[in-house]
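Beneath this line is the structure, given in structure tokens, with notes to follow.
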Amino acid sequence: MMGLFHWQESLQVSTAHRLVTSLEQFRSIVHIIENHDDLAKRVKRIRWQHGAEEIETMEGCRFIIKAGGSAARGLSKPETIHMDEIRELHDMETFAAMRYTLMAAKNPQVNCFSSAGDSHSIVLNQLRERGLAAASGAADDVGYFEWSAPTDEITLENAAFANPGLNITIHPDNIRAVFNDPPDVVMTEVLNRWVQTISSIVGAKEWQECGDETIDLDEDKLTWMAIDISPDRKHCALVGAQKLGSENFIVKLLHTWENSIQLDDRAIANDAAAYCRKYPIEYLLYSRRTSGAVAARLQPAGIPIHDMDADYPQACDELLGAINSGRLKHRNQASLTEQMLSAVQLRRGDGGWVIGRRASQSAVCAAVASALVTHFATRPETEIDILVG
């Protein structure tokens, strides 16, 4: 409003991850204008064409709504960009498309708004790092303002730090009413705290309770290993598992591979073979869809392999059950934890689900491999699992 009627900015552009969010802002501005005659008299036109909403004043100042991405390219010298929901930007495409339209502006400004995000919120996380660095003395023309709870405790007292409108525009009962919602959602939306993944299938608390750094794989015990490669062929993980008594079992991330272009199947097979010979394995588990080429290289070397595509949905369900019951144990490996808490549920059919490799927005090879070894680590010792009478 100040840009339109006071600062005489020639063009302002507003965008959000979802167009409906920008439209709500647009409607609010129009509502204010229509309820103030002094402002309404200065408006030349209001355009409501979907995806091209625009307000233009008699002085030639314009405020327009644009969808994200390449739709912003070709704009005629905007002065200010408003970007909402930037936690949803998982790459730099939309931000870059908007930001670099300001190169010819006399006094350019980008205003970004968001609640807290997760590890995939690339744009938000980079701006936050810049803001914190600037607060510590780094030379950067950036202003960063954050209202967030100091701890992860879900209480009204903690939420007050992230909600300065509490008892003014926000009633305390409205905040208390959401405390039983999914914790990762409450963390980001109410406490304004960062999480690993907002829609993770594995609970951070449940995973943390499975940690035990006093245990490790035994080189003399029966072992199951699994290998998985990301769909973009840039990440790979090898995971091992062994039973701990009759109920519990340990999962350990043995090796990860990364390549910014594409992984070498032969190199992975050579590395994986060394682990397969170190432990007495029953099978090296894999998926034909992602790791078939690696498995094909290992089989001629005498390493027993087993395709898990048919059992993958069951394995994912067994993994989640083992975590939630505390039967799965791990050594608090940072890489394994990051990938496990990045795993997103992909539903299949009527009630079925799997860990979605693409849906997870990041490499989750270690999580997928953990599910594969869980299938064998939770297998009953005999064909009779439950005795009655």
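In this text, all values refer to a predicted model and were calculated from it rather than measured experimentally.
Ile268 approaches Ile229 most closely through the heavy-atom pair CD1-CD1, 4.2 Å. The shortest non-hydrogen separation linking Met225 to Leu238 is CB-CD1, 4.3 Å. Closest approach of Ala226 to Ala369, counting heavy atoms only: CB-O, 3.4 Å.
In the model, Ser115 has no side-chain atom that pairs as donor or acceptor with a side-chain atom of Asn192 under 3.5 Å. Counting only N and O atoms by type, the side chains of Glu146 and Ser148 include a donor and acceptor under 3.5 Å apart. In the model, Ser287 has no side-chain atom that pairs as donor or acceptor with a side-chain atom of Arg289 under 3.5 Å. Side-chain contact, Thr151 with Asn158: a donor N or O sits under 3.5 Å from an acceptor N or O.
Remark: Arg357 is positioned above the aromatic ring of Tyr312, its terminal NZ or CZ atom under 6.0 angstrom from the ring centre and at most 45 degrees off the axis.
Put simply, SG on Cys365 and CG on Leu263 are 8.5 Å apart, with the number rounded to the nearest 0.5 Å. Here Glu338 contributes atom CD and Ser362 contributes atom OG; the two are 7.0 Å apart, rounded to the nearest 0.5 Å. Distance check, rounded to the nearest 0.5 Å: CD1 of Ile201 to OG of Ser342 gives 13.5 Å. Interatomic distance, Ile32 CD1 to Met1 CE, rounded to the nearest 0.5 Å: 5.0 Å. The CD1 atom of Ile323 sits 5.5 Å away from the CG atom of Leu328 when rounded to the nearest 0.5 Å. Note that the CG atom of Leu341 and the CG atom of Asp118 stand 11.0 Å from one another [nearest 0.5 Å].
Taking the side chain as every heavy atom from C-beta outward, Ile46 and Phe26 approach each other to under 4.5 Å. Leu319 places a side-chain heavy atom less than 4.5 Å from the side chain of Met340. Ile281 has its side chain within reach of Ile303: a pair of non-hydrogen atoms, C-beta onward, lies under 4.5 Å apart. Between Phe5 and Thr57, some side-chain heavy-atom pair lies under the 4.5 Å cut-off. Using a 4.5 Å cut-off on side-chain heavy atoms (C-beta onward), Tyr144 and Glu129 make no contact. Proximity of Tyr286 to Asp307: side-chain heavy atoms (C-beta onward) are separated by under 4.5 Å at one or more points. Side-chain contact between Leu156 and Arg176 is present, with heavy atoms from C-beta onward closer than 4.5 Å. Under the 4.5 Å side-chain criterion, counting only non-hydrogen atoms from C-beta, Asp84 is not in contact with Ser14.
Of the possible donor and acceptor atoms, one in the side chain of Arg193 sits under 3.5 Å from a partner among the backbone N and O of Ala149. Between the side chain of Ser230 and the backbone N or O of His235, at least one donor-acceptor pair lies under 3.5 Å. Between the side chain of His330 and the backbone N or O of Thr337 there is no donor-acceptor pair closer than 3.5 Å. Using a distance-only test at 3.5 Å, with no hydrogens or angles considered, a donor-acceptor pair links the side chain of Asp264 to the main chain of Arg266.
Just one residue in the list Gln12, Glu9, Gln109 forms a side chain to side chain donor-acceptor pair (under 3.5 Å) with Thr80, and that residue is Glu9.
Remark: Glu219 engages Lys278 in a salt bridge (Lys or Arg N to Asp or Glu O under 4.0 Å) (not counting sequence neighbours). Legend: residues meeting side chain to side chain donor-acceptor pair (under 3.5 Å) with Trp353, ordered by chain and number and at least two apart, are Asp317. Applying the side-chain contact (heavy atoms from CB on, under 4.5 Å) test to Glu54 and every residue at least two apart in sequence or in another chain returns Arg45, Arg47, Glu56, Arg62, Ile64. Under the rule for a salt bridge (Lys or Arg N to Asp or Glu O under 4.0 Å), the partners of Asp216 that lie at least two apart in sequence or sit in another chain are Lys252. Applying the side-chain contact (heavy atoms from CB on, under 4.5 Å) criterion to Ile215, with sequence neighbours excluded, gives Asp212, Leu244, Ile250, Lys329. A search for side-chain contact (heavy atoms from CB on, under 4.5 Å) contacts involving Asn174 returns His171, not counting sequence neighbours. For Glu189, the side chain to side chain donor-acceptor pair (under 3.5 Å) partners are Arg87, not counting sequence neighbours. A search for side chain to side chain donor-acceptor pair (under 3.5 Å) contacts involving Glu213 returns Asn332, not counting sequence neighbours. Considering only residues two or more places apart in sequence or on other chains, Arg331 meets the side chain to side chain donor-acceptor pair (under 3.5 Å) condition with none of them.
Among residues at least two apart or in separate chains, ring-ring contact (aromatic ring centres under 6.0 Å, His included) pairs with a member in residues 241-274 are His255-Trp257, His255-Tyr275. Residues in residues 233-250 take part in these salt bridge (Lys or Arg N to Asp or Glu O under 4.0 Å) pairs, two or more places apart or across chains: Arg233-Asp265. Residue pairs satisfying the side-chain hydrogen bond (donor to acceptor under 3.5 Å, both in side chains) criterion with at least one member in residues 131-140, sequence neighbours excluded, are listed as follows: Arg130-Asp140.
Residue-environment remark: CG (Asp141) stays at or below the threshold of 12 foreign heavy atoms within 6.0 Å. Atom NZ of Lys44 is surrounded by 12 or fewer heavy atoms from other residues, nucleotides or ligands within 6.0 Å. For Arg379, the CZ atom counts as densely surrounded, since its 6.0 Å shell holds more than 12 non-hydrogen atoms of other residues, nucleotides or ligands. Residue Asn107 places its CG atom among 12 or fewer non-hydrogen atoms of other residues, nucleotides or ligands, all under 6.0 Å distant. Enclosure of atom CD in Glu206 by more than 12 non-hydrogen atoms of other residues, nucleotides or ligands within 6.0 angstrom is indicated. Within a 6.0 Å sphere centred on CG of Asn180, heavy atoms belonging to other residues, nucleotides or ligands number 12 at most. Shown here is Gln8, whose CD atom has more than 12 heavy atoms of other residues, nucleotides or ligands within 6.0 Å. Remark: Met103 CE is loosely packed, at most 12 non-hydrogen atoms of other residues, nucleotides or ligands lying under 6.0 Å away.
Note on Leu127 and Phe113: separate hydrophobic clusters, where clusters join Ile, Leu, Val, Met, Phe, Trp and Tyr whose side-chain heavy atoms are under 4.5 Å apart, directly or indirectly. Cluster membership for Leu217 and Val373, using ILVMFWY side-chain heavy atoms within less than 4.5 angstrom, is not shared. Linking Ile, Leu, Val, Met, Phe, Trp and Tyr residues whenever their side-chain heavy atoms come within less than 4.5 Å leaves Trp7 and Val43 in two separate clusters. Val368 is connected to Val251 through a chain of hydrophobic side-chain contacts under 4.5 Å among Ile, Leu, Val, Met, Phe, Trp and Tyr, so both are in one cluster. Under the 4.5 Å side-chain heavy-atom criterion for grouping Ile, Leu, Val, Met, Phe, Trp and Tyr, Ile227 is not connected to Met308 through any hydrophobic cluster.
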Apply salt bridge (charged side-chain N to carboxylate O under 4.0 Å, His left out) to Lys106 and Glu79, showing your working.
-> CA-CA 7 Å; Lys106 295 180 180 179; Glu79 298 287 335; over 6 Å; no

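The aromatic rings of His306 and Phe376 lie perpendicular to each other, with more than 60° between the two planes, well past the 30° mark.
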